[in-house]
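Taking it in order: structure first as structure tokens, then the write-up.
One is the number of the first residue; the rest follow in order along the sequence.
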Amino acid sequence: MISKQALGNMLFGMADILRDKVEDYKSYILSLLFFKRLSDNYNWETENGKKQFEIENNRKPTNKELDVIIKKKHDFIIPDGCFWEDVRVAPIDKKNEKLDKAVTSIAEQNVDKNGKYILKGIINTVRWNEPAPDGSGGKKLDPEVLTNLINYLSAVDLSNKNVTVDVLGDAYEYLIKRFADENKGGTMAGQFYTPQEVVDIIVRYLKPQKGETIYDPTCGSGGFLLNAAKYIRENNDNPKSRLFGQELVWNTWAICNINMILHGLDARIEQGDTIRDPKFKDEQNELELRTFDKVMANFPFSLENWAQNGETKKDKKGNNVNKKDGTPQIEYKKEFADPYNRLVYGIPPYSNGDFAFLQHIVASLDEKGKAGVVCPQGVLFRGQPEKTEEEDGQNRKADVEYTIRRGFLQGVDFKKNINIIDAIVVLPGNLFYGTTIPGAIIFFDKNKPAERKNKVLMVYAAKKGWYREDANMSVLEPQDVLRISTMLESWGDIEKANKWIVLQKTRLHKLIEEELAFQLSEIENDTTEEIAKAKERLAKAEAVVNEKKAKGNKPTTGDNKAVDVARKAFDKITTDKTARENAAKEKAGKQRQAIADVEVELTNMFADPELRKRYYSIVDMDEIEENEFNLNIPRYVDTFEPEEQIDLKEAVDDFQKAMQTESDTEKELDELLKKLQ
């Protein structure tokens with residue numbers, strides 16, 4: 001059986017073959033990987049079924065019996081002539097066409113009992129036979145490149161015989177993260193990947209349970225759904241999860257479906273615009289949304305023209321009118337009418353969709369539902385309340401973003417005091433792929449415990465030093481996740497905090513060890529071939545010298561130099577490998593120590609009321625109302641760094657010493673000048 005480390009590294013090697021050859025090459029790799037998995041597993045399942053029949057019946061199955069075995073053993077149909085091997089042996093000039101026909105036929109043949117195509121747009125999302133855009137008559141993906149890709153992937157058996165569902169699924173996730181890391185600054189990365197640490201914080205606070213429905217309205221590659229399923233499996237006897245997601249971008253939708261299938265999950269992932277065309281509706285009423293137990297999401301930040309009712313503004317000559325940043329100005333001429341009655345707190349500005357997504361999520365929760373949502377920090381404070389002449393000499397209506405936020409805190413009519421905001425976590429800036437906008441997590445709960453009904457937990461997690469600052473992004477380390485999750489889980493209760501820390505330390509240490517093993521295996525894979533070649537070059541150079549010595553001949557200067565150069569090259573490679581291994585081990589050691597340090601830090605914090613104010617605050621509704629329903633974290637948590645305490649006596653002594661030194665220096669200088677005169 002192959003390990004996920006070896007498989008992940010091997011699969012990412014396909015990126016080197018495709019990089020710069022086609023746009024969005026991740027879709028090519030992930031789709032081809034899926035086709036290979038289906039084909040390999042189909043053959044393995046067939047052989048397994050035949051062997052089982054022979055053992056039970058002491059004979060080989062007839063053709064009719066074999067047909068029955070095949071139907072029972074396979075989740076998916078692969079027509080004759082559409083297997084991986086059929087594509088591999090096709091002539092190079094027919095390779096693109098053969099692959100395209102194979103995946104298209106598979107997509108057409110797999111239909112569920114309701115007549116729905118279950119692989120259409122998923123396995124055939126890539127147009128393998130697409131002509132080159134220059135009209136040359138060639139292919140967009142060069143046949144030689146495709147051949148290299150197929151030959152490379154042919155080297156590994158992706159059936160259950162060699163790769164378990166968990167290993168293949170984890171390797172697939174690894175690929176998705178690597179693709180996101182390669183395009184950190186691009187908007188595409190943010191569309192399909194949310195940092196694992198943020199996903200982990202949300203899933204573990206919401207605690208999805210066996211039998212619950214889990215929904216992500218902007219699911220990307222499915223990270224939230226997948227981790228919710230893993231959490232349920234960790235805490236139960238491998239129950240089936242009920243997962244639902246919707247994704248707008250076709251390629252990302254396909255990737256998510258593949259992700260669910262490769263992990264062996266029964267998930268319904270729909271394609272479309274969640275705001276304008278939500279796919280999950282009540283079975284009895286098409287104009288009501290289906291509701292769910294848990295919702296998790298990272299929607300597109302501050303999406304402009306979310307209702308698709310705007311047009312580019314034109315000047316008198318018919319040219320586009322642009323903003324200062326060069327993007328076109330949008331004019332909104334039509335009102336948006338929501339037939340699903342989601343925007344009960346108000347219709348958000350058409351230029352910013354944050355509150356449209358938040359209201360969709362709230363409307364998608366059942367009466368006891370909970371949600372964890374990543375959003376820009378602006379939703380915590382954007383918008384202004386009503387002002388009157390008596391208050392400050394002006395008349396101003398409350399704007400809609402203020403009204404929506406107040407609705408979340410007090411209810412639709414502001415009288416019932418139904419607060420559905422449970423907790424808020426303010427995160428560091430530059431944490432998410434494709435945007436530098438500082439983010440936050442808002443947790444909603446439609447069935448808050450009595451003791452929390454009129455309270456909101458505010459957690460501050462953006463202090464410098466509470467995250468790692470890389471060149472392009474901020475990163476939450478294991479100890480940072482521990483700090484955030486402990487404040488969330490405990491709600492100020494030190495006993496709960498201590499119990500949580502004990503449980504999470506074990507889990508986080510295990511993750512650190514797994515990551516270390518992965519890093520060491522990557523180093524091994526990266527260097528094995530190079531070390532072998534260097535060792536071989538050294539052996540050849542030494543053989544020349546030894547052979548001459550054995551014959552009584554003196555090796556030449558060139559011979560000795562060749563040995564010296566080869567030995568230095570070999571020593572450098574092995575030394576560099578050792579250095580990389582030691583660095584990985586040192587990083588793991590520092591993370592383990594950091595977790596221990598954070599445990600002490602949190603213990604001290606919970607015991608000190610003044611210190612707690614710099615970490616979190618449990619705010620009641622009266623205080624929030626006094627702040628005009630502004631949830632900006634510095635209003636409730638002390639986010640300012642305390643000034644360094646100075647020992648006044650020591651400072652005076654230092655000052656006097658400095659003055660004396662200056663006086664002595666002036667005297668020495670005067671004496672030198674006198675001598676020169």
Side-chain angles (χ1 to χ4, degrees), residues 1-21 25 29 32-33 36 40 84-85 88-89 91-92 95 141-158 161-163 167 171 174-175 178 181-182 471 513-589:
M1 299 289 283
I2 193 170
S3 69
K4 70 176 181 180
Q5 291 92 341
L7 182 60
N9 283 309
M10 184 266 178
L11 294 177
F12 194 71
M14 293 189 290
D16 294 328
I17 298 172
L18 266 189
R19 196 178 286 109
D20 301 324
K21 307 293 192 306
Y25 63 87
I29 291 172
L32 197 64
L33 167 63
K36 179 72 159 62
D40 286 357
W84 180 268
E85 186 63 14
R88 190 189 70 80
V89 300
I92 190 169
K95 194 83 72 179
L141 177 61
D142 187 281
E144 288 191 8
V145 174
L146 177 58
T147 300
N148 290 338
L149 200 61
I150 289 172
N151 289 341
Y152 182 90
L153 195 52
S154 292
V156 61
D157 175 11
L158 294 181
K161 178 183 178 181
N162 190 47
V163 184
V167 166
Y174 168 77
L175 285 180
R178 287 289 295 265
D181 286 340
E182 280 203 339
E513 290 307 311
E514 287 178 355
E515 178 62 21
L516 175 59
F518 192 88
Q519 293 297 324
L520 293 177
S521 72
E522 277 198 315
I523 294 168
E524 189 67 32
N525 289 335
D526 287 347
T527 56
T528 297
E529 185 177 350
E530 193 177 5
I531 287 175
K533 288 180 179 179
K535 191 174 184 179
E536 183 181 353
R537 285 192 293 268
L538 176 59
K540 286 181 178 179
E542 288 177 335
V544 171
V545 171
N546 292 334
E547 185 179 351
K548 287 186 176 181
K549 286 181 177 179
K551 293 179 178 180
N553 299 325
K554 184 179 180 182
T556 66
T557 303
D559 294 334
N560 290 325
K561 186 175 182 181
V563 171
D564 187 50
V565 169
R567 182 176 288 113
K568 285 180 179 178
F570 177 76
D571 290 344
K572 184 179 185 307
I573 294 170
T574 53
T575 300
D576 288 347
K577 177 188 177 185
T578 301
R580 288 176 63 189
E581 290 172 336
N582 289 339
K585 293 173 183 176
E586 183 180 358
K587 179 183 177 183

More than 12 foreign heavy atoms under 6.0 Å from [atom1] of [X]: is that the case here?
| X | atom1 | result |
| --- | --- | --- |
| N582 | CG | yes |
| K535 | NZ | no |
| K548 | NZ | yes |

Would you compute the distance between atom [atom1] of [X] and atom [atom2] of [Y] and round it to the nearest 0.5 angstrom?
| X | Y | atom1 | atom2 | answer |
| --- | --- | --- | --- | --- |
| K21 | D16 | NZ | CG | 9.0 Å |
| I573 | T578 | CD1 | OG1 | 12.0 Å |
| L149 | E144 | CG | CD | 13.5 Å |
| K577 | T528 | NZ | OG1 | 5.5 Å |

*Under the side-chain contact (heavy atoms from CB on, under 4.5 Å) rule, what do V145 and I17 come out as? Steps first, then yes or no, please.*
CA-CA 7 Å; V145 174; I17 298 172; 4.1 Å; yes
*Between R580 and D576, is the closest basic N to carboxylate O distance under 4.0 Å?*
no
_Electrostatic pair E547-K551, nearest N-O below 4.0 angstrom_ =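 Salt bridge between E547 and K551, a charged N being under 4.0 Å from a carboxylate O: yes.
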I need the minimum non-hydrogen distance between [X] and [Y], along with the two atoms involved.
| X | Y | result |
| --- | --- | --- |
| A588 | L516 | CB-CD2, 4.1 Å |
| F570 | I531 | CE1-CG2, 3.9 Å |
| T574 | D571 | OG1-O, 3.0 Å |
| V545 | P555 | CG1-CG, 3.6 Å |
| Y152 | G13 | OH-CA, 3.4 Å |
| Q519 | A584 | CB-CB, 4.2 Å |

Check: [X] side chain, [Y] main-chain N or O, donor-acceptor pair, under 3.5 Å:
| X | Y | result |
| --- | --- | --- |
| N162 | L158 | no |
| D181 | R178 | no |
| K95 | R88 | yes |
| K161 | D40 | no |

*asked:* Is the shortest side-chain heavy-atom distance between L146 and I92 below 4.5 Å?
replied: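 L146 does not reach I92 side chain to side chain.
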*Step by step, work out the salt bridge (Lys or Arg N to Asp or Glu O under 4.0 Å) result for E581 and K585.*
CA-CA 6 Å; E581 290 172 336; K585 293 173 183 176; 5.4 Å; no
*asked:* Could you walk me through whether K587 and E515 satisfy the side-chain contact (heavy atoms from CB on, under 4.5 Å) test, starting with their C-alpha distance in whole Å, then the side-chain angles of each, then the deciding distance to 0.1 Å, before giving a yes or no?
replied: CA-CA 10 Å; K587 179 183 177 183; E515 178 62 21; 5.7 Å; no
*Dump the intermediate steps for side-chain contact (heavy atoms from CB on, under 4.5 Å) on I29 and F12, then the final yes or no.*
CA-CA 9 Å; I29 291 172; F12 194 71; over 6 Å; no
*Go through the steps for L153 and M14 under the test side-chain contact (heavy atoms from CB on, under 4.5 Å), then give the verdict.*
CA-CA 8 Å; L153 195 52; M14 293 189 290; 4.0 Å; yes
*State, without any angle test, whether T556 and D559 hold a side-chain donor-acceptor pair at a distance under 3.5 Å.*
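Yes, D559 and T556 have a side-chain donor paired with an acceptor closer than 3.5 Å.
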